[in-house]
Q: 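Before I ask anything, let me first share the structure, which is written out below as structure tokens.
In what follows, chains carry the letters A, B, and so on, assigned in the order in which the sequence lines appear, proteins first and then strands, with residues in each chain numbered from 1.
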Amino acid sequence: MRNTLSVRTSSRTFKAVLGASLAGALLVSVVPSASAATGSVGGTCVKVGAKAKVGKIKVECKSVSGKKIWTDTKVYNVSISANAILGGKNNQTATWIQNYVIPQFELSNAEKGKQVNVSFTPAGIDDNQFKTQLALDLASKRGPDVMALDGFWVAEFAEAGYIKPLESVVGAKAVNAWEGWKQIPASVQGVMSYGGKNYGVPQGTDGRIIYFNKKLFADAGLPTNWQPKSWAELLTAANTIKTKTPSVMPLQLNAGDGMGEATAMQGFLNLLGGAGSLIYDGKTKKWTGNTKAVRDMLGFYDSVYNKDKVGNSDWQLLAGENGRNESFKAFAEGKLAMIIEGDYLWRGVINPVSGNFKMADRNTNVGFAMIPAQTAKSGVNGQSFMSMSGGSGYALNPNSANKSTAWELLQFINAKEPVSSFMAIGGAVRISQRQDVNTAVLKSDPCLKFVFEKAIPNTFFRPASVNYNAVSVLLQKATTSIVQGKSVAETAAAYETALKDLVGAANVASN
Amino acid sequence: MKSKTMKGSRAARPGNSVLGKGAATAFLSPSLIFIGIFLLIPAFWTLYLGLTDYKLVGIEALNPSFVGIDNFTKALNDPQFLSSLKLTIIYVLGSAIFGQALLGFILAWVLNELSPRIRNIVELIVIFAWIVPGSVVAFLWFAFFNNEEGTLNAILGVNIDWLLDYPMLSIIIFNIWRGTAFSMLLFSAAIASIPKSHIEVARVAGASKMQQLRNIVLPSARSYILTNLLLITLWTFNDFGPYLLTGGGPGGETQILPIFIYDSALRYLDFGYGSAIAAIMLFLNLVISLIVLRMSRKGKK
């Protein structure tokens, strides 16, 4: 029901009360507390409350005679959007934007005498629906000034003209002058770039691993420092759990087009890579069609959901992201032994403080393993382990009425202190875009340390191609067919037919 | 000037029209303008989009090109479209024709025999299902069908995931529950409009209930039945409600045409293809309307 009955609010909780131009003096409140505009000309702004504690900051601009607060009487309105909502999806992002970014950014501008009013439009819907909504807004030349985008939407949005390279939105000089770039590794900058140009600033990156419940592993007589070295070993562990503890669901491997891109990132892309093939070969410029790697990948799905029945088929077939949420819930409740997920699971979903499926014993009971290739050294580049990385970031709306303020906001949210404060919310450390922040915080978190040290060296990014998303959907649908019981041969053939139709037969590799 | 035209037209077609052609056109023009703006232009726009490869994202968003009837031929060869069409027909036959119309008629017929007080109470309950917002109804049914804490499983004492194991049956039951009120109201009005004396005479002549139904009620209610069938067929054909329950799943098993269009256009952002299918649906709507209108005309003759 989550996807269909989700509520989309657009309240503007934080509103500066302004009376400067007429009264010449005022009191600004950027937190929801009451405020009033009184006093004579001039003033100064102070922060009340501890800076480190997000949500406790209160800004007051008190009038002091003799000095004007606002050197500029214009009010700069900028909006920021993300698929995040307090208490729900991406709670960390919503908390950060509402309680840190908005008050701090408004304050830093108030101190410079500039009246900035930032509004945030929260959303807690399926990513696909969020993308549609954003694309429709942008197509009609509206939409937020600063927007969160998933990295793999950048190509499609750029080709459609909805977003433009930063240098053409605010000028190359302004973009190059930012100190932040040298803190962001080139590979991570790639998350938000297309055709060699930066369309936004990434918010960091992530990696994929297998999470397992140590207690359930011990119950089934499996080692708690488990690391499978092949798909066969992964299946063996799953079958052991199935036999020894029948009430436990052994494995969640995302499948089906309902979950959308989650099926690609946590599912078939890792398997394809493990079978020695990427979805798109950048050298031959061909998409992977009905190849042995694709058939092996589908074959593994067939083993998990049909032959060995070590996964829950129903979850994969539920509408929207409901199935993925079911798997989260089961893992958090200790009813699912293994789940292949990104570090998002650890920091966002089962986080005992701020997650939406809190797992009280997360820190003691969850183990990590790398995703094995089909067999040792069978993966792309002869790798024995696989991971996929994605990441999101923020881009500017080329039709923004306040481009320079929007660019200031974008720099602000990627500065060292705001990025560190983002990490501090709910103890949810993640691999940030900034190296200076990563070196300081990652070592404190066992999971992020594991992802950073073990998964990231083996990781791949999705091709920055305008066709990627449509090809991904075809493979998602192929996994749906497998879960529904169709044969691997039949499914792979149907996939290739649809792929040729999409990208042209000349651009498809098969063997 | 005006009165002259009116007189003139009255003279030309005596006893037929009260208004002249000019006045009639003047009265009609506001509604025609609205129909033009909100119905005809979008319809032709849809048809036009269906002839392009316009997408919401990617290069085709910026520079859509004209692809002729490619989208239409693609649809007619697309197994997903054909299965969608089949599912839609099953959905319409099951929930509208056999469900809503039949159940609505039975309810109206039975209620007619009961005391007005009971009739009012039952009618109120049935109409309630009709007036509650669709999203609320979907939520209620989601809870009803749920396999873990669902009402239906609790009543039957079983553990079945209805929306996954019997998705089509579930949405048909959902739509029957939701839409029966309309048919019931229309048929109640139809039965009430039959002069009591006709039924009385038949009864005195010894006609059984079934004979009364066949020989008096059904012929008298014929035009109501056809109107009802036309309306509920079109509504159900275009119904998006099941999306709230199943999202078209599992694996496309309830992907009726409106959901297929939604998925094509708004989920996979292929507006050209979505529009082409919408245009095909528009055409099928016209065909359904024409068939029913012809049936009712035959009936009048």
Q: Using heavy-atom distances under 4.5 Å, tell me whether A/Ala139 contacts chain B through its side chain, its backbone, both, or neither.
A: side chain
Q: Does a side chain donor of either A/Asn469 or A/Trp153 reach within less than 3.5 Å of an acceptor in the other side chain?
A: no
Q: Only pairs of heavy atoms separated by less than 4.5 Å count here; which of A/Thr480, A/Val483, A/Leu318, A/Val473 has the most with chain B?
A: A/Val473
Q: Non-hydrogen atoms of chain A under 4.5 Å away: do they reach the side chain of B/Glu253, the backbone, both or neither?
A: side chain
Q: Hey, are B/Thr246 and B/Thr254 close enough side-chain-wise for a donor-acceptor pair under 3.5 Å?
A: yes
Q: Examine the side chains of A/Asn467 and A/Tyr280 and answer whether a donor and an acceptor come within less than 3.5 Å of each other.
A: no
Q: Could you tell me whether the side chains of B/Ser65 and B/Asp53 share a donor-acceptor contact shorter than 3.5 Å?
A: yes
Q: In terms of heavy-atom proximity below 4.5 Å to chain B, should A/Asp257 be classed as side chain, backbone, both, or neither?
A: both
Q: Any idea which of B/Leu62, B/Leu56, B/Asp270, B/Asp165 has the most non-hydrogen atom pairs under 4.5 angstrom with chain A?
A: B/Leu56
Q: Given heavy-atom pairs under 4.5 angstrom as the criterion, report whether the side chain, backbone, both or neither of B/Leu269 touches chain A.
A: side chain
Q: Assess whether side-chain contact (heavy atoms from CB on, under 4.5 Å) is satisfied between A/Gln129 and A/Asn83, documenting all intermediate values.
A: CA-CA 10 Å; A/Gln129 292 174 339; A/Asn83 194 5; over 6 Å; no
Q: Between B/Leu164 and chain A, which part of the residue has a heavy atom less than 4.5 Å away: side chain, backbone, both or neither?
A: side chain
Q: So, A/Glu261 and A/Ser472: side-chain donor and acceptor under 3.5 Å apart, yes or no?
A: yes
Q: Which atoms of A/Leu136 are under 4.5 Å from chain B, going by heavy atoms: the side chain, the backbone, both sets, or neither?
A: both
